[in-house]
Amino acid sequence: MKAKLEMLGVVLLLSALAGAPLAQAAKSPADDATLTVAVTKRLRDANFDSVGVAVNNHLVMLTGAVDRLAKAERAAQIAKKTHGVTAVENDIRVLASRSDEQIAADLTHQIRMFPFYDIFDYVTGDVKDGVVTLRGAVHLPQRYNDYANLAKQVSGVAAVKNQLEVLPNSFFDDQIRVRVARAIYGSPDLRSRYGFQALPPIHIIVKNGDVRLEGVVANQLDKQLVERAARFAGTYFRLEDNLQVEQAARA
């Protein structure tokens with residue numbers, strides 16, 4: 001009986017080994033021709049009609065042209081999520097259809113309209129040959145990517161260099177932010193001119209107890225009033241006033 005059981009075990013083992021290649025074959029990824037069709041269909045369904053697809057050994061190569069960086073990245077994401085694709089080489093280019101000045105104006109508008117852009121962030125930068133460089137500081141880590149994604153959505157943007165500084169997470173700094181904001185925007189001399197705007201133009205950047213004022217005010221007197229209000233706000237280590245006067249900023 002023992003010998004029969006041992007023999008039965010050998011038969012079952014051989015049967016399992018014989019069936020293994022079949023199981024592996026059933027789970028093998030699609031071949032390159034099938035992948036080309038699958039990726040192309042998924043891109044067409046997402047309205048990427050101008051994107052070309054080639055596949056070599058399960059590596060997808062994307063070519064063509066789109067009008068903004070976000071679309072090029074989206075096409076690559078769609079291709080990468082296709083079953084059987086091992087990697088994606090994204091050679092989609094962004095059409096140079098707009099001037100740097102147009103891109104900068106559009107991006108400035110997008111940032112100002114962003115519902116989470118407040119007086120405790122300050123985002124600036126420049127555009128050269130369709131490449132956006134973001135500078136400034138944000139007080140929440142998630143905002144670092146939020147502003148870069150806004151830039152990628154602007155027509156004509158070919159690349160984004162994100163040089164935004166993420167400020168330290170500090171309860172002490174948060175207290176300073178609130179005190180300085182109340183001192184400035186609660187001032188009778190400043191509240192009516194700056195406190196009721198949809199996006200108040202005076203930004204308060206706080207890092208490790210130091211305060212930096214950024215933005216634009218109407219005249220030199222207002223600049224002095226803002227700095228004086230900030231100095232009366234209370235506990236902080238150092239105050240840096242980088243506010244620009246509107247007339248000078250336009251010159």
- [ ] Kindly indicate whether the side chain of Thr63, heavy atoms from C-beta on, has any atom under 4.5 Å from the side chain of Ile92.
- [x] no
Task: Salt bridge present between Asp67 and Arg98 (N-O < 4.0 angstrom) - done: no
Task: N/O donor-acceptor pair under 3.5 Å between Thr36 side chain and Asp32 backbone - done: yes
Task: Donor + acceptor pair across side chains of Asp222, Tyr194 (<3.5 Å) - done: yes
Open item on the list: Checking the side chain of Tyr144 only, and the main-chain atoms of Asn162 only, is there a donor and an acceptor separated by less than 3.5 Å?
Closed with: yes
Open item on the list: Within the 4.5 Å heavy-atom criterion, are Val180 and Ile176 side-chain neighbours or not?
Closed with: yes
- [ ] Look at Arg212 together with Asp241 and state whether they make a salt bridge at an N to O cut-off of under 4.0 Å.
- [x] no
Open item on the list: I need the full list of salt bridge (Lys or Arg N to Asp or Glu O under 4.0 Å) pairs touching residues 200-209, with sequence neighbours left out, sorted by first then second residue.
Closed with: Glu165-Lys207
- [ ] With the side chain counted from C-beta on, respond yes when Leu225 and Gln220 share a heavy-atom pair under 4.5 Å apart, and no when they do not.
- [x] no
Open item on the list: Filter on side-chain hydrogen bond (donor to acceptor under 3.5 Å, both in side chains), then keep only pairs touching residues 45-55, sequence neighbours left out; what's left?
Closed with: Lys41-Asp45
- [ ] Please answer whether the main-chain N or O of Asn149 pairs with a side-chain N or O of Gln153 as donor and acceptor at a distance below 3.5 Å.
- [x] no
Open item on the list: If you define the side chain from C-beta out and look only at heavy atoms, does anything of Val157 sit under 4.5 Å from Arg68?
Closed with: no
Task: Side-chain touch Tyr236/Val206, heavy atoms, less than 4.5 angstrom - done: no
Open item on the list: With heavy-atom distances below 4.5 Å as the criterion, would you say the side chains of His139 and Asp118 are in contact?
Closed with: yes
TODO: Could you check whether the rings of Tyr147 and Phe114 sit parallel, tilted or perpendicular, using 30° and 60° as the cut-offs?
DONE: perpendicular
Open item on the list: I'd like to know if Glu73 pairs up with Lys71 as an ion pair, taking the criterion as any Lys NZ or Arg NE/NH1/NH2 lying under 4.0 Å from an Asp or Glu carboxylate oxygen.
Closed with: no
TODO: State whether a side-chain donor-acceptor pair under 3.5 Å links Asp121 with His203.
DONE: no
- [ ] Validate the cation-pi geometry between Arg191 and Phe196: distance from NZ or CZ to the six-membered ring centre under 6.0 Å, angle to the ring axis within 45°.
- [x] no
Task: Test item: Lys80 side-chain N/O and Val88 main-chain N/O as donor-acceptor pair under 3.5 Å - done: no
Task: Which residues share a side-chain hydrogen bond (donor to acceptor under 3.5 Å, both in side chains) with Glu227, sequence neighbours left out - done: Arg231
